[in-house]
Number of protein chains: 4
Amino acid sequence: MAHHEVQDEIVERIQQRILNGMGLIVLHSGHFSKIFRRMMGTNCSLKWREVGERERLWVVSPGHPIAEGLGEYFEIPHTEMYGEFFDIPKPDELVFISWFQGGEVFRSGCAYYRGKGKVFYFRPGHETFPIYYQEEVQRVLINAVRWAAPINGPYTDLAPANRVDPIESFEIQD
Amino acid sequence: MAHHEVQDEIVERIQQRILNGMGLIVLHSGHFSKIFRRMMGTNCSLKWREVGERERLWVVSPGHPIAEGLGEYFEIPHTEMYGEFFDIPKPDELVFISWFQGGEVFRSGCAYYRGKGKVFYFRPGHETFPIYYQEEVQRVLINAVRWAAPINGPYTDLAPANRVDPIESFEIQD
Amino acid sequence: MAHHEVQDEIVERIQQRILNGMGLIVLHSGHFSKIFRRMMGTNCSLKWREVGERERLWVVSPGHPIAEGLGEYFEIPHTEMYGEFFDIPKPDELVFISWFQGGEVFRSGCAYYRGKGKVFYFRPGHETFPIYYQEEVQRVLINAVRWAAPINGPYTDLAPANRVDPIESFEIQD
Amino acid sequence: MAHHEVQDEIVERIQQRILNGMGLIVLHSGHFSKIFRRMMGTNCSLKWREVGERERLWVVSPGHPIAEGLGEYFEIPHTEMYGEFFDIPKPDELVFISWFQGGEVFRSGCAYYRGKGKVFYFRPGHETFPIYYQEEVQRVLINAVRWAAPINGPYTDLAPANRVDPIESFEIQD
């Protein structure tokens with residue numbers, strides 16, 4: 001509810017930290033946080049409904065490390081619904097698609113490579129339903145944190161444009 | 001050179017126009033424009049060099065409409081070099097990869113779906129080299145404009161989150 | 001039911017026609033055809049059920065040409081269910097996700113670039129339910145045929161490996 | 001050279017092992033192996049030349065685990081050239097793009113999710129040049145093996161189509 005109170009300057013600094021390697025895990029209504037919208041470049045809007053209906057999260061990438069330890073699907077008995085169209089870039093890796101009792105679907109586990117960093121959006125969550133106590137949800141979060149951890153890769157600062165010399169001198173022909 | 005003078009409010013309005021269906025074609029140094037960086041969510045930084053070297057653009061998606069009418073590759077005899085790592089999201093469709101005489105490569109034709117709209121980044125261009133007079137370059141631009149044209153699809157405004165009713169009434173079980 | 005009677009030699013020739021530019025539209029139980037499995041490189045297996053339940057196809061790529069003329073979703077009142085995990089490569093462009101009354105979801109509109117050609121899989125269809133008489137279904141098929149049409153692009157035969165000469169003579173250094 | 005001597009039945013069994021979780025690392029001329037072509041569904045054809053020229057492999061996904069421990073690029077001083085168009089499906093994750101002295105580029109590190117398994121194609125290799133003794137090449141191979149290792153995920157056999165019951169009984173309406 002207080003997303004708009006987050007200062008743009010702070011958003012900018014978090015964005016640079018992510019692009020330079022930090023992982024970002026965004027949960028539930030964090031889809032409307034300034035940092036997630038900044039990283040996506042889209043509105044991140046969606047449909048929603050709150051009647052405590054049933055949700056099934058289907059694994060659609062069974063070899064992905066974020067699906068480790070899960071079955072073919074898992075259920076959340078009472079949930080707030082988020083439905084498509086979810087205005088995000090096509091996920092680099094789509095791990096879960098949700099089914100909702102009332103007629104909607106949702107891309108619920110979306111993994112992105114951005115700069116040197118990684119972003120994972122996971123849909124479930126609520127302020128009163130005990131969703132974060134479910135074992136499968138905790139398993140996903142543990143897996144996501146491991147997946148998003150920085151690697152020891154190239155580049156120390158992705159922001160500047162760098163002038164570079166050629167591999168060797170060569171003749172420019174007219 | 002005057003990218004920073006573009007007001008954020010205007011960038012915001014262009015972003016909304018794109019997400020609601022308008023095509024955006026970004027050329028050459030437009031990679032550092034506010035609107036392109038906003039749409040990508042990344043720094044869009046790269047390596048560069050200006051010695052008038054040779055560039056070859058290889059078609060790596062020969063069935064893509066933006067490759068219509070082209071051969072296996074085309075050359076730009078004197079060009080400003082842009083090199084990887086280009087800090088962009090993985091293109092939804094990668095149409096060209098450039099080779100440069102001095103040792104670099106670049107993802108030179110990058111197509112993105114964003115909201116209801118489409119974005120195409122095309123690398124070539126220069127303020128003095130006659131690159132936009134080349135027939136192949138003009139062919140790519142024509143193809144890109146056609147590809148990015150709006151379609152008559154769903155949704156009239158992607159910004160808001162919409163509350164929706166379920167498909168039918170159902171029993172919530174405890 | 002007679003997929004296994006299709007000769008491998010014919011499958012091979014169709015595959016070569018696709019890779020050299022021909023579009024392929026695969027419908028419903030065609031997911032188990034030899035040519036689709038050959039093009040995908042996977043089993044293309046799935047879950048299924050036949051109780052005449054309701055299906056909703058949600059558009060998840062509202063700017064895609066295959067979504068032209070559609071609303072946010074369309075419904076099939078009585079359908080055979082196909083459910084995830086659908087053993088296919090990640091679609092290059094995912095246009096539809098289906099919701100089924102009985103608890104499943106499915107990637108129902110899957111677009112692929114392969115060689116110079118294009119492949120589109122569309123889930124709906126049945127031997128008795130009048131699914132192909134629905135206007136939205138016909139609209140999707142028309143759009144898909146247009147999307148998959150060959151373009152006048154590079155390469156005349158993608159099968160052989162080609163020996164090529166360098167761009168110019170250069171010194172090999174030790 | 002003896003790819004055609006590998007029996008189709010063996011290829012089929014390896015394919016099933018991969019789809020059910022086994023990792024596959026394909027090196028250099030393995031692009032024309034029956035198993036790689038089967039997994040890709042394409043010809044996997046390319047351009048080639050053997051003059052001992054220089055290659056630079058640029059990292060284009062600096063946060064990817066297969067880029068762990070590498071710099072911005074690494075060089076192979078004498079190499080056999082492989083050039084685009086490489087007839088493969090768009091990689092799920094593109095880690096390296098090669099530059100060659102004689103004018104070509106190549107997608108040299110290509111990662112795929114297939115079924116429960118993973119496939120990584122890595123271009124470098126030769127029967128006389130000492131490429132596999134280079135530290136960076138060995139680093140990539142170690143990283144790739146780790147990335148491709150099976151996870152403890154859902155599904156025990158992806159081949160069959162499974163008939164399933166609905167989540168609960170519901171009324172079919174006319």
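When reading the values below, keep in mind they use all heavy atoms of this one structure, side chains included, and skip hydrogens, waters and symmetry mates. To find a chain, count down the sequence lines: A is the first, B the second, and so on, and within it residues start at 1.
- Rounding to the nearest 0.5 angstrom, the gap separating the CD atom in A:Glu72 from the CG atom in D:Asn162 is 7.5 Å.
- In terms of heavy-atom pairs under 4.5 angstrom with chain D, the leader among A:Lys118, A:Glu68, A:Gln101 is A:Glu68.
- D:Gly63 approaches A:Tyr113 most closely through the heavy-atom pair O-CE2, 4.1 Å.
- The greatest number of non-hydrogen atom pairs below 4.5 Å with chain A, out of D:Ala67, D:Ser61, D:Pro150, is found for D:Ala67.
- The most heavy-atom pairs under 4.5 Å with chain A, out of D:Leu158, D:Leu70, D:Val59, come from D:Leu70.
- Atom CD of D:Gln7 is surrounded by 12 or fewer heavy atoms from other residues, nucleotides or ligands within 6.0 Å.
- Contacts of A:Arg54 with chain D are made by side-chain atoms alone, with heavy-atom separations under 4.5 Å and no backbone atom involved.
- Only the side chain of D:Trp99 comes within contact range of chain A, judged by heavy atoms closer than 4.5 Å.
- In D:Glu135, the CD atom is not crowded: 12 or fewer heavy atoms of neighbouring residues, nucleotides or ligands sit closer than 6.0 Å.
- Heavy-atom contacts from other residues, nucleotides or ligands closer than 6.0 Å to CZ of A:Arg38 number more than 12.
- Once rounded to the nearest 0.5 Å, the distance linking NE2 of A:His64 with CD1 of D:Ile151 reads 8.5 Å.
- When A:Gly153, A:Gly21, A:Gly71, A:Pro62 are compared by the number of non-hydrogen pairs under 4.5 Å with chain D, A:Pro62 comes out ahead.
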